[in-house]
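Here's the structure we're looking at; comments come further down.
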Amino acid sequence: SVLEALALAEGFVPGSASDKAKIFRPMPGSERAEITVNIKEIYNGKTKDPTLEPQDILFVPGSYAKKTFRMTLDRAVQITTGLAIYGRPY
């Protein structure tokens with residue numbers, strides 16, 4: 001299942017868009033089927049946990065907004081620390 005795959009992967013990378021995950025499933029005679037999965041809803045019990053088949057790929061994309069926010073917050077902490085210690089930003 002999707003949750004078992006995430007448990008084996010030890011969870012998400014910070015900044016992942018878990019509501020926009022996809023399962024890429026090989027289909028006979030075609031490239032791949034793309035199945036959209038909202039992992040947040042699976043965690044909350046609102047959606048059934050889909051079963052993964054052999055050769056399936058679970059893809060959880062990154063979220064640009066989350067990454068940008070995290071980088072901005074990290075930079076703000078560095079500047080504040082620099083000001084507190086040295087009286088000037090780095």
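Treat the numbers as computed from the prediction; the structure is a model and nothing was measured.
- Residue pairs meeting the salt bridge (charged side-chain N to carboxylate O under 4.0 Å, His left out) criterion with at least one partner in residues 48-63, sequence neighbours excluded, are Arg25-Glu53, Arg25-Asp56.
- Here the side chains of Ile35 and Pro50 are not in contact, with every heavy-atom distance at 4.5 Å or above.
- Here Pro61 pairs with Ala17, Lys20, Phe59 under the side chain to side chain contact (heavy atoms under 4.5 Å, CB included) rule; sequence neighbours left out.
- Residues Pro26 and Gln55 come closest through the heavy atom pair CD-O, 3.5 Å.
- With sequence neighbours excluded, no residue forms a side chain to side chain contact (heavy atoms under 4.5 Å, CB included) with Ala9.
- No chain of hydrophobic side-chain contacts below 4.5 Å, direct or via other Ile, Leu, Val, Met, Phe, Trp or Tyr residues, connects Ile57 to Leu6.
- The two atoms that bring Ser18 and Val60 nearest to each other are CA-CG1, 4.1 Å, heavy atoms only.
- Apart from Val77 itself, the hydrophobic cluster it occupies contains nothing, where clustering links Ile, Leu, Val, Met, Phe, Trp and Tyr at side-chain heavy-atom distances under 4.5 Å.
- Residues that satisfy the side chain to side chain contact (heavy atoms under 4.5 Å, CB included) test with Glu34, not counting sequence neighbours, are Lys22, Phe24.
- Residues Leu52 and Ser1 share a closest heavy-atom pair of CD1-O, 3.7 Å.
- A side chain to side chain donor-acceptor pair (under 3.5 Å) check over residues 36-46, counting only residues at least two apart or in different chains, returns the pairs Glu41-Thr47.
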